[in-house]
Amino acid sequence: MGVFDPPTDTQIESAYAIAKDRYAALGVDTEQAIANALATSISLHCWQADDVAGLETLPGVTDGGGIMATGNYPGKATTGDQMRQDYDKVLSLLPGTQRLNLHACYAETGGKAVDRDGYTAKHFGKWIDWARQSSIGLDFNPTFFAHPKAEDGLTLSHADSGIRKFWIDHAIACRKIAQAMSEALGTPCVTNIWVPDGLKDSPADRWSPRKRLIESLDTILDKNLGIDNTKCVDAVESKLFGLGSEDYVVGSFEFYSHYALTRHTLLCLDMGHFHPTETIHDKLSALLQYHKKLLLHVSRPIRWDSDHVVILNDDVKNVFLELARGNALNRVVVAMDFFDASINRLMAYVVGARATRQAILNALLDPSSRLIELEAQGKAGQKLAAMEGVKTLPFGAVWDMLCLRSGVPAGAGWVPIVEAYEKDVLSKR
């Protein structure tokens with residue numbers, strides 16, 4: 001049997017029967033865990049398909065702006081049609097409920113130069129039509145980077161009122177587009193605001209940019225704009241540092257945590273946007289005491305916010321374990337955020353999305369009630385032993401059954417399918 005040969009249906013069913021009994025002995029219903037894991041939406045990020053290049057034709061707009069994908073693997077999508085073709089292949093290999101998380105720089109303007117403050121829903125008509133045909137929802141993001149008006153690293157907090165107004169108008173346009181997406185697809189559109197605003201070295205004034213950022217955000221989120229926040233679900237995202245903003249980021253974690261709480265938006269936690277030795281799983285039980293809901297960007301930092309492809313590591317598993325143990329999976333929106341141009345881009349998607357759903361399933365298979373009971377009884381040693389014992393349970397057999405029921409390859413059986421797609425499609429671009 002080769003490394004990419006999937007197990008047979010008989011092998012999956014036989015192994016699952018044993019795993020089901022093992023988990024049942026600990027009070028875990030694997031059937032319910034599979035159902036809940038499949039029902040949890042994961043929003044795929046569009047920018048893995050083309051290395052965050054975007055589709056704009058506006059003069060002066062360039063790739064990057066503090067967003068960097070490394071590598072030059074052949075077959076990158078360069079048009080919206082190619083991207084959607086790639087997503088169709090990716091979606092066919094993923095179990096469960098997916099969405100697509102779209103950035104504003106993927107507007108399709110028919111070759112016309114339309115600046116970002118002039119975007120409307122018609123510039124995303126092809127995306128909306130495709131999403132409807134694919135029976136998935138869309139999420140959205142204003143694009144505050146890779147633009148002449150962002151060259152000095154400041155946008156919504158800029159001292160120049162004209163530049164601030166441009167970016168405010170862009171964000172308002174994006175919220176209207178998100179509402180149109182929601183109305184067309186019949187599902188709320190989460191609209192996440194992340195700005196790169198910050199300074200490379202020691203600012204003399206940390207106060208004024210934050211005051212301006214608050215004023216800009218308040219203008220963007222003004223209720224008098226008539227945007228329905230049940231259709232356009234607003235979120236704000238913090239960051240510890242970025243390229244060119246190593247010393248000072250205007251939208252810090254503390255800033256946005258309090259802003260989201262007082263303005264009733266979602267707070268976005270990106271797994272790579274904190275100190276290199278800091279993880280987010282411990283923050284969840286603290287923040288969700290106050291915030292009604294959070295947005296998660298599942299990513300994998302290595303030494304810094306390097307946006308590596310998500311794998312089933314302890315950081316990812318611990319995030320979803322915390323949510324499951326707090327019965328809070330329904331209080332987060334799950335999205336992914338990484339980009340790797342050094343490997344086949346579809347493989348990056350499938351590895352990352354499967355790892356994320358594996359982490360969700362792993363969390364739902366946790367015998368949390370038993371562990372909590374032991375802890376409440378003061379049996380700390382027994383609790384620790386039980387936690388360690390769970391790690392060797394046959395999780396893989398349950399995952400394979402989840403894949404079988406979804407009609408997608410189990411194990412690494414999807415790899416030859418992507419290899420064939422690379423030969424037939426990607427290599428000819």
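The first residue of the sequence shown is numbered 1, and numbering continues consecutively from there. Heavy atoms only: backbone and side chains are in, while hydrogens, waters and symmetry mates are out.
Residues Cys403 and Arg354 have side chains in contact (heavy-atom distance under 4.5 Å, counting atoms from C-beta outward). With a 4.5 Å cut-off on side-chain heavy atoms, Val90 and Tyr421 do not count as touching. Looking only at side-chain heavy atoms (C-beta outward), Leu296 and Leu284 come within less than 4.5 Å of each other. Between Leu217 and Ile193, the closest side-chain pair of non-hydrogen atoms falls below 4.5 Å. By the 4.5 Å heavy-atom criterion applied to side chains, Leu93 and Val418 are counted as neighbours. Residues Leu288 and Leu323 have side chains in contact (heavy-atom distance under 4.5 Å, counting atoms from C-beta outward). Proximity of Asp197 to Ser245: side-chain heavy atoms (C-beta onward) are nowhere separated by under 4.5 Å. Ile220 places a side-chain heavy atom less than 4.5 Å from the side chain of Leu156.
Side-chain N or O atoms of Gln82 include one that pairs as donor or acceptor with a backbone N or O of Thr78 at under 3.5 Å. Judged by distance alone, the side chain of Asn344 and the main-chain N or O of Ala348 form no donor-acceptor pair under 3.5 Å. Without hydrogens or angle criteria, Arg99 side chain to Ile136 main chain gives no donor-acceptor distance under 3.5 Å. Using modelled atom types, one side-chain atom of Asp29 and one backbone atom of Gln32 make a donor-acceptor pair closer than 3.5 Å. A distance-only check finds a donor-acceptor pair linking the side chain of His258 to the backbone of Glu254 [under 3.5 Å]. Listed for the Arg357 side chain is a donor-acceptor partner under 3.5 Å among the backbone atoms of Thr40. Between the Thr219 side chain and the Glu215 main chain, a donor and an acceptor come within less than 3.5 Å of each other. With hydrogens and angles disregarded, a donor-acceptor distance shorter than 3.5 Å links the side chain of Thr143 to the backbone of Ala104. Remark: side-chain polar atoms of Asp139 are paired, donor with acceptor, to backbone N or O of Val190 under 3.5 angstrom. Although no hydrogens or angles enter the test, the distance criterion places no donor-acceptor pair under 3.5 Å between the side chain of Asn362 and the main chain of Gln358.
Sequence neighbours left out, the pairs with a member in residues 208-254 that pass ring pair (Phe, Tyr, Trp, His ring centres under 6.0 Å) are Phe253-Phe274.
Taken from CD in Gln133 to CG in Asp88, the straight-line distance is 9.0 Å, to the nearest 0.5 Å. Expressed to the nearest 0.5 Å, how far CZ of Arg212 lies from OG of Ser161 amounts to 10.5 Å. Distance check: Thr191 OG1 to Met181 CE gives 8.5 Å after rounding to the nearest 0.5 Å. Atom OG1 of residue Thr30 and atom CZ of residue Arg22 lie 12.5 Å apart, to the nearest 0.5 angstrom. Separation of atoms CD1 (Ile302) and NE2 (His308) is listed at 3.5 Å; rounding is to 0.5 Å. Atoms NZ and CH2, from Lys89 and Trp414 in turn, are 12.5 Å apart once rounded to the nearest 0.5 Å.
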TODO: Report the C-alpha distance between Glu237 and His273 in whole Å, list the side-chain angles of each, state the deciding distance to 0.1 Å, and finish with yes or no for side chain to side chain donor-acceptor pair (under 3.5 Å).
DONE: CA-CA 9 Å; Glu237 180 180 358; His273 284 193; 3.3 Å; yes
TODO: Before giving the answer on salt bridge (charged side-chain N to carboxylate O under 4.0 Å, His left out), spell out for Asp340 and Arg345 the whole-Å C-alpha distance, their side-chain angles and the decisive distance to 0.1 Å.
DONE: CA-CA 7 Å; Asp340 190 337; Arg345 293 169 183 83; over 6 Å; no
TODO: Begin with the C-alpha distance, continue with both residues' side-chain angles, and end with the deciding distance and a verdict on side chain to side chain donor-acceptor pair (under 3.5 Å) for Arg325 and Ser285.
DONE: CA-CA 10 Å; Arg325 287 173 177 168; Ser285 60; over 6 Å; no
- [ ] Run the numbers on His170 and Thr155 for side chain to side chain contact (heavy atoms under 4.5 Å, CB included), then give the verdict.
- [x] CA-CA 11 Å; His170 170 60; Thr155 60; over 6 Å; no
- [ ] Begin with the C-alpha distance, continue with both residues' side-chain angles, and end with the deciding distance and a verdict on ring pair (Phe, Tyr, Trp, His ring centres under 6.0 Å) for Trp194 and Phe144.
- [x] CA-CA 7 Å; Trp194 174 79; Phe144 292 94; 8.3 Å; no
Task: Residue pair Asp169, Lys165: steps toward the salt bridge (charged side-chain N to carboxylate O under 4.0 Å, His left out) verdict - done: CA-CA 6 Å; Asp169 290 345; Lys165 184 179 185 305; 2.7 Å; yes
- [ ] Could you give me the CA-CA distance, side-chain angles and deciding distance for Leu38 and Ser406, then say whether side chain to side chain contact (heavy atoms under 4.5 Å, CB included) is met?
- [x] CA-CA 8 Å; Leu38 288 172; Ser406 299; 3.2 Å; yes
Task: Test side chain to side chain contact (heavy atoms under 4.5 Å, CB included) applied to Val298 and Val334, step by step - done: CA-CA 7 Å; Val298 184; Val334 182; 4.1 Å; yes
TODO: Please test Ser43 against Leu100 for side chain to side chain contact (heavy atoms under 4.5 Å, CB included), starting from the C-alpha separation and ending with a verdict.
DONE: CA-CA 5 Å; Ser43 196; Leu100 183 71; 5.7 Å; no
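Ring centroids of Trp167 and His158 are separated by 6.0 Å or more, keeping the two rings apart. Residues His45 and Phe338 place their aromatic rings such that the two centres sit under 6.0 Å apart. Between Tyr106 and Phe124, a ring centre-to-centre spacing not shorter than 6.0 Å is recorded. Between His281 and Phe320, the gap from one ring centroid to the other reaches at least 6.0 Å. Ring to ring, His103 and Phe145 are close: their centroids are under 6.0 angstrom apart.
Salt-bridge formation is not detected for the pair Arg300/Asp315: no Lys NZ or Arg NE/NH1/NH2 atom is positioned less than 4.0 Å from an Asp or Glu carboxylate oxygen. Between Glu31 and Arg405 there is a salt bridge, since at least one side-chain N of the basic residue sits less than 4.0 Å from a carboxylate O of the acidic one. Looking at Lys383 and Glu373, no side-chain N of the basic residue comes within less than 4.0 Å of a carboxylate O on the acidic one, giving no salt bridge. Using a 4.0 Å cut-off between charged side-chain N and carboxylate O, Asp314 and Lys391 make no salt bridge. A salt bridge does not link Lys239 to Asp270: none of the charged nitrogens lies less than 4.0 Å from a carboxylate oxygen. Between Glu322 and Arg331, no side-chain nitrogen of the basic residue sits less than 4.0 Å from a carboxylate oxygen of the acidic one, so the salt-bridge criterion is not met. Ion pairing between a basic and an acidic side chain is recognised when a charged N comes within 4.0 Å of a carboxylate O; Glu56 and Arg116 show such pairing. Salt bridge annotation for Asp129-Lys126: absent, with no cationic side-chain nitrogen under 4.0 angstrom from a carboxylate oxygen.
More than 12 non-hydrogen atoms from other residues, nucleotides or ligands lie less than 6.0 angstrom from CG of Asn330. With a 6.0 Å radius and a threshold of 12 heavy atoms from other residues, nucleotides or ligands, Lys176 has its NZ atom at or below the threshold. Within 6.0 Å of CG on Asp247 lie more than 12 heavy atoms contributed by other residues, nucleotides or ligands.
Arg263 forms no cation-pi arrangement with Tyr256, by the criterion of a distance under 6.0 Å to the ring centre and an angle within 45° of the ring axis.
Of the N and O atoms on the side chains of Thr79 and Asp81, not one donor lies less than 3.5 Å from an acceptor on the other residue. Residues Trp47 and Asn101 bring no donor and acceptor atom of their side chains to less than 3.5 Å of each other.
Taking the six-membered ring where tryptophan is involved, the planes of Trp130 and Trp127 are perpendicular, since the angle between them exceeds 60° and thus also 30°.
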